[in-house]
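Computed from heavy atoms alone, side chains included, the values below leave out hydrogens, waters and symmetry copies. Throughout, a chain's letter reflects where its sequence line sits, starting with A, and its residues are numbered from 1.
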Protein chains: 2
Amino acid sequence: MTAIDLTLATPACRGCPIRHRAVCATCEPSELSRLEGMKSYRSWSAGQTIVMEGAELDFAASIVTGCATLTRSMEDGRVQMVGLLMPSDFIGRPGRAQAPYEVVAATDVTLCMFDRLGFERLLAETPHLSTRLLEMSLDEIDAAREWMLLLGRKTAREKVATLLSIILRRAATGKTPLRAELPITREAMASYLGLTIETVSRQMTLLRKDGVISMAGARTVLCDDLAALMAEAGDDADGDVIS
Amino acid sequence: MTAIDLTLATPACRGCPIRHRAVCATCEPSELSRLEGMKSYRSWSAGQTIVMEGAELDFAASIVTGCATLTRSMEDGRVQMVGLLMPSDFIGRPGRAQAPYEVVAATDVTLCMFDRLGFERLLAETPHLSTRLLEMSLDEIDAAREWMLLLGRKTAREKVATLLSIILRRAATGKTPLRAELPITREAMASYLGLTIETVSRQMTLLRKDGVISMAGARTVLCDDLAALMAEAGDDADGDVIS
DNA sequence: CGCTGATTTGAATCCTCTCAACTCGCGTGG
DNA sequence: CCACGCGAGTTGAGAGGATTCAAATCAGCG
């Protein structure tokens with residue numbers, strides 16, 4: 001939680017951990033070298049605000065490492081998470097200078113950043129880039145709609161089970177029991193799920209007592225039977241969109 | 001509610017009511033003439049299913065007239081609306097053949113349809129088209145996130161007030177009192193808001209008794225004071241995204 | 001060791017849902 | 001003409017799930 005901004009030496013795209021998943025995934029060497037000239041790395045530590053709600057947004061960026069949250073809030077302080085950004089996810093809205101959401105680093109985060117106008121120009125001239133961004137945006141829409149089903153219709157228990165199954169599947173290594181470090185606090189989980197912290201905590205306790213999951217400390221989840229967890233989540237085991 | 005499919009004579013793009021708002025908005029005459037050769041109109045009457053959840057989706061389309069709903073459902077029958085499509089909105093997901101949602105005509109609907117593969121080919125060759133689709137997709141993401149805030153954090157009263165204000169603003173003619181015919185049933189309203197029919201009905205009664213709105217029959221809403229309605233909706237009066 | 005923030009647990013309240021009955025508008029047919 | 005059925009919408013009573021407020025416990029760290 002120390003409030004230190006780091007401007008790192010910016011490494012080459014070759015060897016970048018998100019090279020084949022981010023917005024630049026389908027770029028050719030010549031296109032990549034143009035990006036190379038524009039980009040700069042910057043890091044935030046967990047808890048820091050990257051962009052304030054309503055503030056001017058003069059860059060576009062990809063998440064290289066770490067995890068950030070997108071939230072919208074109401075005047076009286078109620079907050080809803082509307083995006084959970086993981087490595088390779090894109091931040092920014094070509095054609096708009098204002099950020100409609102707050103972006104906060106959930107863990108330590110490193111972004112690969114581009115000047116907004118420069119990026120927009122490049123986007124207009126590089127079909128590989130705009131096609132990829134369209135593809136990512138369509139995935140984002142699917143994910144948002146899945147999320148809407150969760151927020152609108154699932155019970156607290158199903159919500160918590162859904163989030164845990166998402167995190168466990170993303171961290172899956174093939175070994176059982178599945179094991180994952182929760183990248184977010186209970187508060188962020190509650191914000192994701194449209195619940196209160198207390199309800200999240202209670203449901204995790206119940207899932208544990210019912211033998212669906214187990215925990216090693218407050219931040220590490222274990223699960224022997226992902227199918228059972230997904231049944232608790234109210235999803236059919238295969239009907240999930242990978243995003 | 002009569003179950004009649006109509007295949008209409010397909011009019012020219014020139015003079016199309018959604019010519020300047022749909023995915024084709026920025027196409028030039030030459031591009032338009034290619035679209036012209038591919039398109040065909042088709043109509044559904046209110047209540048009919050246009051695409052079943054999980055079914056093959058072999059077309060892309062724009063809504064020309066009417067209103068359609070996108071819904072996702074759970075195995076036990078719970079249903080959440082995840083999209084409310086109005087004229088100029090786009091249906092289809094380039095690059096994917098399966099429909100993850102059910103599409104139903106809320107009112108009588110006419111679509112301007114394209115063969116999916118032909119449309120994808122055209123999309124790849126026509127930057128005007130893909131840029132416009134990207135723009136529309138980004139708007140869609142913003143709308144979905146606004147909707148997530150509603151589903152996750154708003155009270156029943158705020159939810160209903162929000163939906164009514166959206167409908168009234170869309171139908172606005174400048175004259176007061178604002179007046180709009182509700183294009184959807186109470187059931188669809190409930191599905192949109194993540195509530196039950198009964199709760200929607202009760203909240204509308206309360207808003208009426210509190211003088212925020214009035215009604216002419218069950219399907220026509222009137223409102224003298226949009227600012228008051230939007231205050232009930234929990235939004236700041238100007239912080240809304242136009243989509 | 002003791003502080004601070006994060007998490008868990010408890011008790012009471014409140015909001016929304018469930019189940020049920022009732023009203024309304026409308027077209028059908030005796 | 002009116003009874004009838006039907007679907008949409010409204011209203012009521014009671015139950016239940018999530019929240020609120022409060023206190024206790026835990027974990028990490030100087």
Side-chain angles (χ1 to χ4, degrees), chain A residues 1-3 45-47 74 76-80 106-107 150-164 181-210 213-221 232 234, chain B residues 1-3 45-48 74 76-80 104 106-107 150-161 163-164 181-209 213-221 232 234:
Chain A
M1 281 291 190
T2 38
S45 48
M74 295 174 65
D76 62 5
R78 280 174 283 176
V79 176
Q80 174 64 50
T107 63
L150 176 145
L151 290 172
R153 297 298 175 191
K154 288 191 177 179
T155 64
R157 174 183 257 250
E158 290 170 332
K159 285 178 173 180
V160 172
T162 302
L163 178 54
L164 294 180
E181 182 90 358
L182 298 177
I184 54 178
T185 63
R186 293 287 181 281
E187 185 175 7
M189 291 178 67
S191 176
Y192 185 108
L193 299 170
L195 296 171
T196 58
I197 305 181
E198 296 94 324
T199 301
V200 172
S201 182
R202 273 186 256 273
Q203 296 302 332
M204 291 191 61
T205 302
L206 289 176
L207 286 172
R208 191 153 42 71
K209 287 187 175 159
D210 293 347
I213 57 166
S214 52
M215 310 242 9
R219 284 296 193 91
T220 304
V221 216
E232 293 287 352
Chain B
M1 282 287 194
T2 38
S45 47
Q48 285 191 299
M74 295 175 65
D76 62 5
R78 279 174 282 176
V79 176
Q80 175 63 49
V104 176
T107 63
L150 175 145
L151 290 172
R153 296 298 175 192
K154 289 191 176 179
T155 64
R157 183 183 178 99
E158 289 169 333
K159 286 178 173 181
V160 171
L163 179 53
L164 294 180
E181 180 91 358
L182 298 177
I184 54 177
T185 62
R186 292 289 181 278
E187 185 176 5
M189 291 178 68
S191 176
Y192 185 109
L193 298 171
L195 296 172
T196 57
I197 305 180
E198 296 93 323
T199 300
V200 171
S201 182
R202 275 186 255 272
Q203 295 303 331
M204 291 190 62
T205 302
L206 289 176
L207 286 172
R208 191 154 40 74
K209 286 187 175 161
I213 57 166
S214 51
M215 310 245 4
R219 284 294 193 93
T220 304
V221 215
E232 293 287 352

Query raised in the report: Whole Å only: how far is the CG atom of Leu206(A) from the C1' atom of dG17(D)?
Result: 12 Å

Query raised in the report: What pairs with Glu158(B) under side-chain hydrogen bond (donor to acceptor under 3.5 Å, both in side chains), at least two apart in sequence or on another chain?
Result: Arg78(A), Thr155(B)

Requested in this report: Residues of residues 191-201 of chain A with any non-hydrogen atom less than 4.0 angstrom from an atom of DNA chain D: list those, numerically ordered, please.
Outcome: Gly194(A), Leu195(A), Thr196(A), Glu198(A), Thr199(A)

Query raised in the report: Rounded to the Å, how far apart are Leu182(B) CG and dA8(D) P?
Result: 15 Å

Query raised in the report: Between atom CZ in Arg186(A) and atom P in dT19(D), what is the gap in whole Å?
Result: 15 Å

Report task. For Arg202(A) and dT20(D), give me the distance from atom CZ to atom P, rounded to whole Å. Result -> 11 Å

Requested in this report: Keeping to residues at least two apart or across chains, list the side chain to side chain donor-acceptor pair (under 3.5 Å) pairs with something in residues 193-208 of chain A.
Outcome: Thr196(A)-Thr199(A)

Requested in this report: Would you mind listing every side chain to side chain donor-acceptor pair (under 3.5 Å) that reaches into residues 181-194 of chain B, with sequence neighbours excluded?
Outcome: Glu181(B)-Thr220(B)

Requested in this report: Report yes if at least one side-chain N or O of Arg219(B) is closer than 4.0 Å to OP1 or OP2 of dG9(D); otherwise report no.
Outcome: yes

Query raised in the report: If we only count heavy atoms from C-beta on, is the Leu193(A) to Thr162(A) side-chain gap below 4.5 Å?
Result: no

Query raised in the report: Of Ala156(A) and Arg208(B), whose closest DNA chain D nucleotide lies nearer the 5' terminus?
Result: Arg208(B)

Requested in this report: Could you tell me the separation between the NZ atom of Lys159(A) and the CG atom of Leu151(A), rounded to the nearest 0.5 Å?
Outcome: 5.5 Å

Report summary line: Whole-Å distance, Glu158(A) CD to dA18(D) C1', equals 14 Å

**Report entry** Residue met sooner reading DNA chain C from 5', once Arg153(A) and Met204(A) are mapped to nucleotides
**Finding:** Met204(A)

Query raised in the report: Going from CG on Leu163(A) to CE on Met189(A), what distance comes out if it is rounded to the nearest 0.5 angstrom?
Result: 4.5 Å

Query raised in the report: Expressed in angstrom and rounded to an integer, what is the separation of Lys159(A) atom NZ from dG17(D) atom C1'?
Result: 11 Å

Requested in this report: Specify the separation, in whole Å, of atom CE of Met215(A) and atom C1' of dT7(C).
Outcome: 10 Å

**Report entry** Value in whole Å for how far the C1' atom of dG16(D) lies from CZ of Arg157(A)
**Finding:** 16 Å

**Report entry** Counterpart residues, salt bridge (Lys or Arg N to Asp or Glu O under 4.0 Å), relative to Arg153(A) (two or more places apart)
**Finding:** none

Query raised in the report: Quick one: is dC15(C) close enough that its OP1 or OP2 comes under 4.0 Å of any side-chain N or O from Thr155(B)?
Result: no

